[in-house]
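Right, one structure below, let's go through it.
Ligands are counted one by one from 1 in listed order, and the atoms in each one are counted from 1 as well. Basis for what follows: all heavy atoms, side chains included, without hydrogens, waters or symmetry-related copies.
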Amino acid sequence: YEEKVIQLIVKIILIKVNKTPIDVAKHPLGINPRVDDLMKLVNIWANDVRVVAIQGMGGIGKTTLARALYNRIFSKFEGSSFVSNIKEVSRQPNGLVSLQNQLLHEALKGKVQPVSNSSQGTSVIKQRIHSKRVLVVLDDVDHIEQLNALVRPTWLSAGSRIILTTRYEHVLNVYGLKEHEIYRPSELNREESIQLFSFHAFGKDQPIEGFVGLTEKVVSATGGVPLALEVVGSSLFGKRSGQEWNDTLEKLKKVPPLDVQQTLRISYDGLDNLEKSIFLDTACFLSGTDRDTAIQMWKGCGFFPTIAIKVLMHKSLLKISEDDKLEMHDLLRDMGRQIVQEECPPNPGKRSRLWFQKDALHVLKGLK
Ligand SMILES: Nc1ncnc2c1ncn2[C@@H]1O[C@H](COP(=O)(O)OP(=O)(O)OP(=O)(O)O)[C@@H](O)[C@H]1O
Ligand SMILES: [Mg+2]
């Protein structure tokens with residue numbers, strides 16, 4: 001009984017402070033030692049303002065680490081905000097403004113009116129944010145503008161921290177970060193890779209009988225990038241014939257080392273036509289859309305998407321968020337868009353899907 005009361009109190013407090021830990025990964029592996037390393041760089045007890053960057057290739061686990069780090073330390077700050085998907089959102093109309101509003105709302109716990117343009121956003125953030133010791137995570141930064149619009153270390157009060165994740169070296173120069181302020185996650189080691197792969201291929205942390213040798217071979221051909229292990233592992237879930245495994249192995253051997261996109265492509269190539277269509281539609285314009293809305297749309301096109309969606313989820317090519325929206329990892333989304341672009345590189349009008357406003361306008365004008 002006491003335990004239930006305590007759980008209830010904890011829940012009420014979390015609702016009151018409007019904070020719950022964020023989801024890290026389906027089968028997290030090797031997270032704690034990496035977060036321990038990051039904690040040393042972040043040093044939350046030092047009374048200066050610090051910036052720590054997590055930099056590395058796509059799919060290596062930067063966002064996952066930033067989430068785990070955030071969960072571990074957010075409660076030590078007076079305000080905190082985890083701003084996700086900055087690269088993608090900032091390219092949408094009014095994207096930067098919506099990111100600014102998210103940052104303001106979360107860091108100041110709702111005690112602020114939304115802003116309507118980005119220069120107003122920047123000045124409100126400057127004025128208001130230094131009143132609190134804050135933790136700001138900027139996930140997937142690819143452009144200086146995003147940092148200038150959202151937060152600069154000089155705007156913050158003592159003890160605050162900025163954590164950013166990026167694929168790109170040039171972003172690190174903007175804040176003038178020194179080597180000891182940059183964390184570059186390593187690939188998973190052999191043991192961790194086998195465990196992560198096995199979770200997705202067999203539903204447990206080691207290969208089932210008869211698949212130990214094949215697993216070792218496939219894992220070593222896949223490499224230690226978590227996203228690749230997840231997608232390749234999931235593509236072999238339920239496949240119990242050695243032939244299917246050997247086919248995958250042959251295809252993996254043709255992929256240049258660390259070319260994650262080519263690795264992911266193997267799983268895409270194994271889909272049927274309907275599954276491919278659903279994947280490409282989501283990559284090009286439906287990521288972030290409500291699942292039911294997307295299903296209605298596909299049904300309107302004469303598709304029966306429910307089973308295809310399930311297949312894509314099983315293959316880790318698509319996720320459904322807690323609030324029931326279609327979600328796709330940014331590398332998978334980029335791969336999908338590239339596949340469409342390759343249908344006819346010089347002429348957008350001959351591609352099956354258009355997602356850039358500029359391309360769409362260009363094609364529509366040409367039709368007149
Ligand atoms: N340590 C880990 N254990 C288990 N799964 C992991 C781990 N790290 C990452 N993953 C999984 O791998 C995938 C890629 O990770 P993540 O999104 O963090 O990569 P990223 O470096 O942020 O990529 P990008 O540059 O595209 O943003 C995710 O699905 C995540 O759940
Ligand atoms: Mg990321």
Side-chain angles (χ1 to χ4, degrees), residues 22-38 52-72 82-91 99 137-143 146 163-172 182-201 203-205 219 222-235 237 258-264 267 283 287 312-322 326-338:
I22 37 181
D23 233 17
V24 173
K26 206 161 156 200
H27 302 294
L29 268 169
I31 298 276
N32 282 338
R34 289 169 173 84
V35 175
D36 290 342
D37 289 343
L38 268 165
V52 171
I54 306 175
Q55 192 259 333
M57 63 186 293
I60 194 78
K62 303 179 291 295
T63 302
T64 308
L65 274 177
R67 286 179 179 154
L69 175 68
Y70 181 87
N71 285 348
R72 210 188 278 184
F82 192 107
V83 190
S84 308
N85 274 328
I86 293 180
K87 181 169 81 181
E88 174 72 4
V89 178
S90 64
R91 278 167 179 62
L99 295 172
V137 180
L138 305 176
D139 181 40
D140 205 11
V141 176
D142 74 331
H143 208 282
Q146 298 150 357
I163 315 290
L164 65 94
T165 83
T166 183
R167 289 188 199 163
Y168 310 99
E169 286 281 341
H170 74 258
V171 170
L172 308 176
I182 303 167
Y183 184 79
R184 295 188 169 86
S186 52
E187 290 166 44
L188 297 185
N189 64 30
R190 183 177 156 273
E191 201 178 322
E192 290 164 338
S193 299
I194 289 181
Q195 283 183 30
L196 181 57
F197 175 90
S198 301
F199 268 124
H200 290 283
K204 54 193 213 141
D205 68 354
V219 166
T222 306
V225 176
L227 181 66
L229 289 161
E230 186 178 328
V231 170
V232 175
S234 307
S235 76
F237 183 81
L258 291 182
D259 189 337
V260 178
Q261 193 154 310
Q262 285 291 331
T263 306
L264 304 177
S267 178
S287 179
L312 292 173
M313 286 172 68
H314 272 299
K315 297 200 167 195
S316 298
L317 297 173
L318 184 69
K319 287 184 179 141
I320 304 290
S321 67
E322 267 177 23
L326 301 179
E327 260 185 8
M328 187 171 276
H329 193 273
D330 43 8
L331 260 178
L332 289 162
R333 193 192 55 219
D334 293 348
M335 174 185 78
R337 290 180 180 182
Q338 196 168 333

Exercise for the section: Sort by chain and number the protein N/O/S atoms found under 2.8 Å from the Mg ion (ligand 2). Expected result: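 N, O, S partners closer than 2.8 Å: Thr63 OG1.
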Ligand 1 and [X], any nitrogen or oxygen pair closer than 3.5 angstrom?
X      : answer
Gly30  : no
Asp140 : no
Lys26  : no
Pro28  : no
Gly56  : no

Exercise for the section: Report yes or no: does Met57 have a heavy atom closer than 4.0 Å to ligand 1? Expected result: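 Under 4.0 Å: yes for Met57.
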Practice task
Measure the distances from the heavy atoms of Lys319 to every atom of ligand 1 and state whether one is below 4.0 angstrom.
Solution key: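 The answer is yes, since Lys319 has a heavy atom less than 4.0 Å from ligand 1.
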Show which atoms of ligand 1 fall inside a sub-4.0 Å distance from at least one heavy-atom site of [X].
X      : result
Ala25  : 5 (N), 31 (O)
Leu227 : 12 (O), 13 (C), 14 (C)
Arg167 : 24 (P), 25 (O), 26 (O)
Leu196 : 4 (C), 5 (N)
Thr64  : 8 (N), 9 (C), 10 (N), 15 (O), 16 (P), 18 (O), 30 (C)
Leu29  : 1 (N), 2 (C), 3 (N), 4 (C)

Within reach of ligand 1, part of [X] (heavy-atom separation under 4.0 Å):
X      : answer
Leu65  : neither
Asp330 : side chain
Glu230 : side chain
Thr165 : neither
Pro226 : both

Any side-chain heavy-atom pair of [X] and [Y] under 4.5 Å:
X     : Y      : result
Leu38 : Arg34  : no
Ile22 : Asn71  : yes
Glu88 : Asp330 : no
Ser90 : His143 : no
Leu65 : Tyr183 : yes

Practice task
Kindly determine whether Leu164 and Val137 satisfy side-chain contact (heavy atoms from CB on, under 4.5 Å), including the steps that lead there.
Solution key: CA-CA 6 Å; Leu164 65 94; Val137 180; over 6 Å; no
Exercise for the section: Look up atom CG in Asp140 and atom CD1 in Ile54, then write down how far apart they are to the nearest 0.5 Å. Expected result: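 Atom-to-atom, Asp140:CG and Ile54:CD1 are 12.0 Å apart.
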Practice task
Output the distance between atom OG (Ser287) and atom CG (Leu332), rounded to the nearest 0.5 Å.
Solution key: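 Answer for the OG-CG pair, Ser287 versus Leu332, is 10.0 Å.
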Contacts under 3.5 angstrom, residues 55-64 side chains, donor-acceptor by atom type, not counting sequence neighbours:
residue : atom : partner : partner atom : Å
Gln55   : OE1  : Arg184  : NE           : 3.0
Gln55   : NE2  : Arg167  : O            : 3.1
Lys62   : NZ   : Gly56   : O            : 3.0
Lys62   : NZ   : Met57   : O            : 2.8
Thr63   : OG1  : Asp139  : OD1          : 2.9
Thr63   : OG1  : Asp139  : OD2          : 3.3

Among protein heavy atoms, which lies nearest [atom], and at what distance?
atom                    : value
atom 22 (O) of ligand 1 : Thr63 OG1, 2.7 Å
atom 19 (O) of ligand 1 : Gly61 N, 3.2 Å
atom 23 (O) of ligand 1 : Gly59 N, 2.8 Å
atom 25 (O) of ligand 1 : Lys62 NZ, 2.6 Å
atom 4 (C) of ligand 1  : His27 O, 3.1 Å
atom 17 (O) of ligand 1 : His329 NE2, 2.7 Å

Handout entry: Thr166 side-chain N/O to Asp142 backbone N/O, donor-acceptor pair under 3.5 Å
Key =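 The answer is no, because no donor-acceptor pair under 3.5 Å joins these two groups.
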Looking at [X] and [Y], does any basic side-chain N land under 4.0 Å from a carboxylate oxygen?
X      : Y      : answer
Lys319 : Glu230 : yes
Asp36  : Arg72  : yes
Arg333 : Glu327 : no

Practice task
In sequence, state the C-alpha distance, the side-chain angles, and the governing distance for Ser235 and Ser267, and then conclude on side-chain hydrogen bond (donor to acceptor under 3.5 Å, both in side chains).
Solution key: CA-CA 6 Å; Ser235 76; Ser267 178; 4.8 Å; no
Practice task
Describe, in one word, how the ring planes of His27 and Phe199 are oriented to each other, choosing from parallel (under 30°), tilted (30 to 60°) and perpendicular (over 60°).
Solution key: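 Parallel: the ring planes of His27 and Phe199 meet at under 30°.
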Problem - Asp334 vs Gln338, side-chain hydrogen bond (donor to acceptor under 3.5 Å, both in side chains): CA-CA, chis, key distance, verdict - result: CA-CA 6 Å; Asp334 293 348; Gln338 196 168 333; over 6 Å; no
Practice task
Could you check Met313, His314, Lys315 and say which one makes a side chain to side chain contact (heavy atoms under 4.5 Å, CB included) with Leu317?
Solution key: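 Passing option: Lys315.
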Exercise for the section: Decide if atom NZ of Lys26 counts as having more than 12 heavy atoms of other residues, nucleotides or ligands within a radius under 6.0 Å. Expected result: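 At most 12 heavy atoms, drawn from other residues, nucleotides or ligands, come within 6.0 Å of this atom.
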